[in-house]
Colleague: 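Below are the structure tokens for one structure; questions will follow.
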Amino acid sequence: MMQEPKKRLFLVDAYALIFRGYFAFIKNPQINSKGQNTSAIMGFMNSLIDVIKRERPDHLAVCFDKGGSEARNEMFPEYKANRDETPDAIRFAIPYIYSILEAMKIPVMVKEGFEADDVIGTLAKKAEKEGYTTYMVTPDKDFAQLVSENIFIYRPVFGGGYETWGIPEVQKKFEVENPLQVIDFLGMMGDSSDNIPGLPGVGEKTAKKFLKEFGSMEALLDNTDKLKGKMKEKVEANREIGLLSKQLATIMLDVPVEFNEEDFEVCPPDTEKVLEIFDELEFRRLKDNFLKSFSVEAMASNGTSREPNDAENNAPTTKQKTSKVAERSKSAGQGQFSLFGGDGEAAANAKDFNTRATIENTEHFYQTVQPGMGAKLFFQNLMKQKSVCFDTETTSLNPLEAELVGIAFSWEKGKGFYIPFPENREETQQILEGLRPFFEDESIEKIGQNLKYDIKVLAKYDIAVKGKLFDTMLAHYLINPDMRHNMDVLSETYLNYTPVSITALIGKKGKNQRSMRDVDVVQQTEYAVEDADITLQLKEHFEKELGEANTQQLFDEIEVPLLRVLAAMELEGINLDKNFLNSLSAALDSDILQLEKNIYEEAGETFNIASPKQLGEILFGKMKLIDKPKKTKTGQYSTSEDVLSYLAKDHKIIRDVLEYRGLAKLKSTYVDALPAQIEPTTGRVHTDYMQTVAATGRLSSNNPNLQNIPIRTERGRQVRKAFVPKNKDYVLMAADYSQIELRVIAALSEEDNMIDAFKNGEDIHASTAAKVFNVPLEEVTREQRSNAKTVNFGIIYGVSAFGLSNQTDLSRTEAKELIDTYYKTYPKLRNYISSQIDFAREHGYVQTVLGRRRYLKDINGSNQVVRGAAERNAVNAPIQGSAADIIKLAMINIYNKLEEENYESKMLLQVHDELVFDVYKPELEKLKAMVKHEMENAYKLTVPLDVDLGVGENWLEAH
DNA sequence: GCGACCTCTTA
DNA sequence: GTAAGAGGTCGCC
């Protein structure tokens with residue numbers, strides 16, 4: 001590997017990496033057949049070999065603690081006193097690690113009575129004088145104090161990758177001028193794991209503030225007159241502790257160790273010995289890795305290697321199959337690899353490691369298609385197929401920014417092809433043009449997992465995906481909506497096959513994640529075609545099940561067509577008035593600052609209001625605003641809205657806290673977050689609708705979530721003004737269903753009293769109040785209507801008297817009475833509810849008007865609480881789900897009309913019972929009529945559906 | 001850096 | 001009482 005001109009020394013912080021390794025596997029401890037927990041050894045060796053492989057250091061040492069720090073213990077006997085017993089797995093690991101290091105001929109540095117930090121610090125400084133650049137290999141941020149122009153922190157990250165901290169990184173991270181100030185920072189803040197006390201009441205934020213203002217611990221202590229209130233008292237009272245903490249946090253640079261260059265030189269390992277130990281520990285994958293890293297060939301690039309850690313580049317993320325969370329890491333990097341070749345039978349022998357088949361032990365024929373003859377033959381064959389599974393590989397999870405890296409195709413189990421694309425956009429486009437006839441062929445069925453993603457990516461290359469679609473993720477969502485639907489889970493569940501992990505190829509998410517572009521083409525092919533192959537096999541599986549569950553129609557007529565609609569809406573995005581939000585942010589800022597001031601004054605000290613824990617301590621621990629404070633399940637004082645609002649009328653500080661919270665939330669979640677989500681390539685925000693998350697059949701929205709933009713409060717509502725039409729020629733239109741869920745329950749229950757109210761166009765809550773409280777409609781009071789409204793909604797959620805009394809001013813008895821009267825008023829509603837529960841008990845599921853099922857495994861459970869929840873689900877799921885079915889139908893029909901009739905206007909958003917459109921002004925009247933008609937007639941109920949339309953220059957006005 | 005917890009926003 | 005997503009803190013090392 002390349003050698004830099006300057007000599008490089010790597011100093012490895014052994015214990016820190018051992019602990020890190022151990023905890024990385026804490027949820028999935030590595031136990032070998034002898035019952036030994038090898039997590040710590042494995043974790044440490046992974047990091048060490050990774051560093052060696054990446055950096056090929058010529059000078060290297062691993063540093064250990066021995067006997068703790070005499071000096072620090074003398075200063076402060078409690079130093080590190082609160083450490084838990086070292087876990088057994090780590091005790092067990094140490095001698096092995098020593099033997100492995102010995103066999104690898106890696107120098108070990110230990111000095112009795114000193115910590116590894118001090119040894120490393122001393123060596124780094126000495127090496128610096130000798131002209132070395134030193135990399136301290138450690139996850140421990142305390143080392144930041146040692147960073148200089150020649151000394152860096154080198155933090156390995158699991159799954160590959162690392163980050164280097166130099167002076168600029170330390171300055172940024174700790175918000176200091178000089179790395180030495182990190183000592184002051186640590187001293188002020190303290191460190192619970194080392195039991196360094198720090199200044200009481202000073203956490204990360206305050207420490208940074210102090211450093212900016214005073215520069216050092218000493219300067220702070222000399223200028224306490226500039227502080228005020230409680231903080232002043234506390235700092236002054238803890239002068240000594242502050243100075244002691246700083247001393248404890250200081251890494252010593254005068255450990256009696258010498259830096260003799262030759263002692264640190266890296267020698268070839270005693271391979272046989274190393275392998276012997278690895279065999280004993282049953283480290284198969286590590287062994288493999290070690291051999292590859294230390295063989296002569298390892299020095300040259302290795303095109304055919306299947307090892308994941310080869311790519312060195314840092315780059316953006318890759319596509320992830322079903323959701324933003326990468327879940328394919330379960331077996332990555334943990335030596336669970338089976339070395340068995342051959343067929344699936346061998347997998348059965350791999351007990352203790354992995355009982356599932358993998359690409360390693362499954363026969364497959366995956367081919368990379370290169371330009372030329374091969375490509376021609378492939379294409380001819382492709383066009384002959386009736387049904388093909390495909391899967392795109394890209395550089396990003398964000399389809400708007402994703403570059404195509406390759407596309408995999410499969411139409412026969414165990415076989416498939418991969419077309420890689422060059423980095424050059426024009427060339428990629430050219431190759432794609434060759435594939436256009438396939439994608440745009442109406443007669444070839446396209447199969448995929450999460451096709452919405454692939455369709456969006458291809459749309460950016462102006463390729464439409466036509467013909468019948470089969471999305472395995474959607475299919476499984478209908479088969480079992482309560483499960484997760486990412487491909488790896490599906491594969492393991494239905495095919496008993498563990499796919500190649502994406503993290504093995506590109507690393508875990510984070511800034512060190514590599515891009516699919518940097519993975520070699522052989523591995524790209526194996527990974528991508530495997531996905532297409534698996535997806536194809538899943539399709540065979542789900543096709544049958546869809547028929548059995550009788551959800552075929554829902555699949556063909558709702559979910560699959562909707563996928564295209566959502567793709568279009570997401571690609572379109574919505575325009576945001578950034579300037580407006582910026583001014584809103586500034587206004588909020590000043591109000592928040594004022595409230596902060598008030599609260600500190602009322603509390604008599606400063607603290608973090610956003611921390612429920614600190615807030616609870618102040619309000620209930622210190623100020624004792626309440627006799628018997630409510631506690632959360634973790635034993636903290638509860639500071640939730642309903643607790644606080646109860647106290648608001650008596651205490652100004654509570655009112656201020658509530659207002660502070662509201663404003664802080666508004667600012668961080670919406671006003672500041674939304675502009676940051678504007679897509680640079682389009683200047684608009686593009687939410688991602690999740691079609692397979694909500695168990696009831698609703699959509700969900702994320703990145704950003706545009707389904708929870710504030711509307712209830714005046715201040716919050718302002719955010720909606722930031723959602724504006726495309727340009728001057730457009731307006732926004734919002735169309736929402738009026739009381740759709742109540743209409744659904746009225747129709748499903750055939751409750752005439754309620755149906756008539758809807759048919760007569762009555763205000764349903766007032767109508768309910770009139771009937772329940774037995775007063776004429778026009779004499780219903782606000783309070784009566786409000787209570788009736790609460791019950792109406794309560795019914796939808798599966799109400800109990802307890803819940804109802806919590807939501808209203810009514811007592812438990814009054815609530816019960818109200819519910820009883822309610823059921824007398826609407827007798828069929830009660831029957832309907834019990835019939836739903838009975839149905840669920842008998843069949844194990846409930847369903848919507850379109851046959852969307854939700855399985856309720858706890859419906860016959862013996863635990864009352866769990867069963868109660870299942871019963872409420874049995875009531876709610878058909879209602880919420882039917883409403884979701886109806887708006888989905890409406891969306892599909894509206895989208896088709898917009899396309900067929902060549903509207904300029906676009907559908908932009910869905911918020912459960914509302915649709916939002918960018919309306920080209922000349923089309924306004926026509927569109928209004930069309931949308932209203934399609935929504936109101938999407939599905940025929942015995943109750944009319946009613947849609948309200950609003951138009952305006954922004955989303956708020958459109959309501 | 002990651003997950004658990006708490007809180008808050010919507011329909 | 002139903003269904004979601006997201007931000008901040010805190011404790012794990």
Side-chain angles (χ1 to χ4, degrees), chain A residues 15-24 26-27 83-84 87 139-141 155 157-158 163 191-194 203-205 324 508-512 608-616 632-634 636-644 658 661-662 664-670 672-673 687-688 690 693-713 716 719 736-737 739-741 790-791 793-807 815 819 854 868-869 871-881 883-884 887 910-914:
Chain A
Y15 275 103
L17 287 175
I18 293 169
F19 267 90
R20 190 183 162 86
Y22 170 69
F23 280 100
I26 195 84
K27 286 214 179 97
R83 282 268 164 109
D84 291 337
D140 187 348
K141 64 181 185 321
R155 314 182 85 202
V157 176
F158 285 103
E163 57 186 26
D191 182 336
S192 58
S193 69
D194 289 350
E204 183 185 329
K205 289 192 171 185
K324 60 177 176 173
K508 285 196 178 176
K509 65 176 174 181
K511 62 179 154 207
N512 292 306
N608 186 351
I609 309 166
S611 162
K613 191 178 148 173
Q614 292 182 34
L615 180 66
T632 66
K633 57 185 164 189
T634 49
Q636 310 286 337
Y637 295 119
S638 169
T639 63
S640 64
E641 163 86 42
D642 42 303
V643 172
L644 295 192
L658 283 172
R661 271 214 189 136
K665 171 83 176 176
L666 196 59
K667 184 165 158 20
S668 67
T669 310
Y670 303 104
D672 290 346
T687 186
D688 191 3
M690 300 280 134
V693 171
T696 52
R698 275 190 177 182
L699 299 176
S700 81
S701 151
N702 65 22
N703 291 316
N705 181 356
L706 296 184
Q707 291 182 322
N708 71 347
I709 302 302
I711 193 164
R712 288 196 230 271
T713 66
V719 176
D736 56 297
Y737 281 111
Q739 309 295 356
I740 187 166
E741 295 192 350
T790 310
V791 189
F793 280 110
I795 294 298
I796 295 172
Y797 301 147
V799 76
S800 71
F802 175 77
L804 184 62
S805 72
N806 273 348
Q807 289 286 305
I819 293 171
R854 178 160 186 194
E871 288 171 359
R872 289 191 294 277
N873 280 328
V875 177
N876 177 259
I879 301 165
Q880 195 181 111
I887 196 168
Q910 189 251 44
V911 192
H912 309 306
D913 64 0
E914 170 186 1

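Model, not experiment: these values are computed from the prediction.
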Colleague: Contact class for V799(A) vs. all strands (heavy atom < 4.0 Å): base, sugar-phosphate, or nothing?
Modeller: base
Colleague: Can you tell which of dG7(C), dG5(C), dT7(B) lies closest to the side chain of R661(A)?
Modeller: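 Selected nucleotide: dT7(B).
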Colleague: Separation of M690(A) atom CE from dT10(B) atom P, in whole Å?
Modeller: 22 Å
Colleague: Base, sugar-phosphate or nothing for T790(A)? Non-hydrogen atoms, less than 4.0 Å.
Modeller: base
Colleague: What are the two closest heavy atoms between N876(A) and I796(A), and how far apart are they?
Modeller: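 Closest approach of N876(A) to I796(A): ND2-O, 3.0 Å.
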Colleague: Base, sugar-phosphate alone, or nothing: which one does I711(A) contact when heavy atoms must sit under 4.0 Å apart?
Modeller: sugar-phosphate
Colleague: Taking all heavy atoms of A877(A) and all of T696(A), pick out the closest pair and write down the distance.
Modeller: CA-CG2, 4.1 Å
Colleague: Base, sugar-phosphate, or nothing: which does E914(A) touch, judged by heavy atoms less than 4.0 Å apart?
Modeller: nothing
Colleague: Categorize N608(A) for me: base, sugar-phosphate, or nothing, with a 4.0 angstrom heavy-atom threshold over every strand shown.
Modeller: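 Answer is sugar-phosphate: N608(A) comes under 4.0 Å of backbone atoms only.
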Colleague: Looking at the side chain of N702(A), which of dA6(C), dT2(C), dA4(C) is the nearest nucleotide?
Modeller: dA6(C)
Colleague: Between dT2(C) atom C1' and F793(A) atom CZ, what is the distance in whole Å?
Modeller: 12 Å
Colleague: Between the side chain of S805(A) and the main-chain N/O of A815(A), is any donor-acceptor distance below 3.5 Å?
Modeller: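 A pair under 3.5 Å: no.
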Colleague: Which nucleotide in the set dG11(C), dC13(C), dA11(B) lies at the smallest distance from any side-chain heavy atom of K613(A)?
Modeller: dG11(C)
Colleague: Can you find a side chain N or O atom of T696(A) that sits less than 4.0 Å from OP1 or OP2 on dA3(C)?
Modeller: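 Answer is no, no contact under 4.0 Å.
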Colleague: Verify, without hydrogens or angle tests, whether T687(A) (side chain) and N702(A) (backbone) share a donor-acceptor contact under 3.5 angstrom.
Modeller: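 Here the side-chain-to-backbone pair exists.
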Colleague: Tell me what V875(A) touches on the nucleic acid: a base, only sugar-phosphate, or nothing, going by heavy atoms under 4.0 Å.
Modeller: nothing
Colleague: Would you mind reading off the distance between L699(A) atom CG and dT10(B) atom C1', rounded to a whole angstrom?
Modeller: 14 Å
Colleague: Under 4.0 Å, heavy atoms only, any strand: does A883(A) hit a base, just the sugar-phosphate, or nothing?
Modeller: nothing
Colleague: Rounded to whole Å, how long is the line connecting atom OH of Y670(A) with atom P of dG8(C)?
Modeller: 13 Å
Colleague: Report the distance from atom CD of Q910(A) to atom P of dA4(C), rounded to the nearest whole Å.
Modeller: 14 Å
Colleague: Where do P878(A) and N873(A) come nearest, in terms of heavy atoms and distance?
Modeller: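 For P878(A) versus N873(A), the nearest heavy atoms are CD-O, 4.0 Å.
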Colleague: So what does E741(A) touch, heavy atoms closer than 4.0 Å: a base, only the sugar-phosphate, or nothing?
Modeller: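 Nothing, no heavy atom under 4.0 Å.
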Colleague: Report the residues that fulfil ring pair (Phe, Tyr, Trp, His ring centres under 6.0 Å) with Y637(A), sequence neighbours left out, ordered by chain and then residue number.
Modeller: F620(A)
Colleague: From dT9(B), dG8(C), dT2(C), pick the nucleotide closest to the side chain of A610(A)?
Modeller: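 Closest of the options to the side chain of A610(A): dG8(C).
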Colleague: With a 4.0 Å limit, can you tell me whether Q707(A) has a side-chain N or O closer than that to the phosphate oxygens OP1/OP2 of dA3(C)?
Modeller: no
Colleague: Please determine whether a side-chain nitrogen or oxygen atom of S611(A) lies at a distance below 4.0 Å from atom OP1 or OP2 of dC10(C).
Modeller: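 It does, given that an N or O in the side chain of S611(A) lies less than 4.0 Å from OP1 or OP2 of dC10(C).
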Colleague: From the list dG5(C), dA11(B), dC8(B), which nucleotide is the closest neighbour of the side chain of V911(A)?
Modeller: dA11(B)
Colleague: May I have the distance from K665(A) (atom NZ) to dT10(B) (atom C1'), rounded to whole angstrom?
Modeller: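 For the pair K665(A) NZ and dT10(B) C1', the rounded distance is 11 Å.
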Colleague: Considering every strand and a 4.0 Å limit on heavy-atom distances, what is the contact class for R712(A): base, sugar-phosphate, or nothing?
Modeller: base
Colleague: Please determine whether a side-chain nitrogen or oxygen atom of R155(A) lies at a distance below 4.0 Å from atom OP1 or OP2 of dG1(B).
Modeller: yes
Colleague: With heavy atoms under 4.0 Å as the rule, sort L666(A) into base, sugar-phosphate or nothing.
Modeller: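 No contact.
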Colleague: At under 4.0 Å, does any side-chain N or O of N873(A) touch on OP1 or OP2 of dA3(C)?
Modeller: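 Yes, because at least one side-chain N or O of N873(A) sits under 4.0 Å from OP1 or OP2 of dA3(C).
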Colleague: Could you give the distance from CZ (R698(A)) to CD (Q707(A)), rounded to the nearest 0.5 Å?
Modeller: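 Interatomic distance, R698(A) CZ to Q707(A) CD, rounded to 0.5 Å: 8.0 Å.
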Colleague: Measure CG/L658(A) against C1'/dT9(B) and give the value in whole Å, please.
Modeller: 15 Å
Colleague: Given atom NE2 of H912(A) and atom P of dA4(C), what is their separation to the nearest angstrom?
Modeller: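 It works out to 10 Å between those atoms.
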Colleague: Classify N708(A) by what it touches in the nucleic acid, base, sugar-phosphate, or nothing, heavy-atom distance under 4.0 Å.
Modeller: base
Colleague: Classify R872(A) by what it touches in the nucleic acid, base, sugar-phosphate, or nothing, heavy-atom distance under 4.0 Å.
Modeller: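 Result for R872(A) = sugar-phosphate.
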Colleague: OP1 or OP2 of dA11(B) less than 4.0 angstrom from a side-chain nitrogen or oxygen of R698(A), does that happen here?
Modeller: no
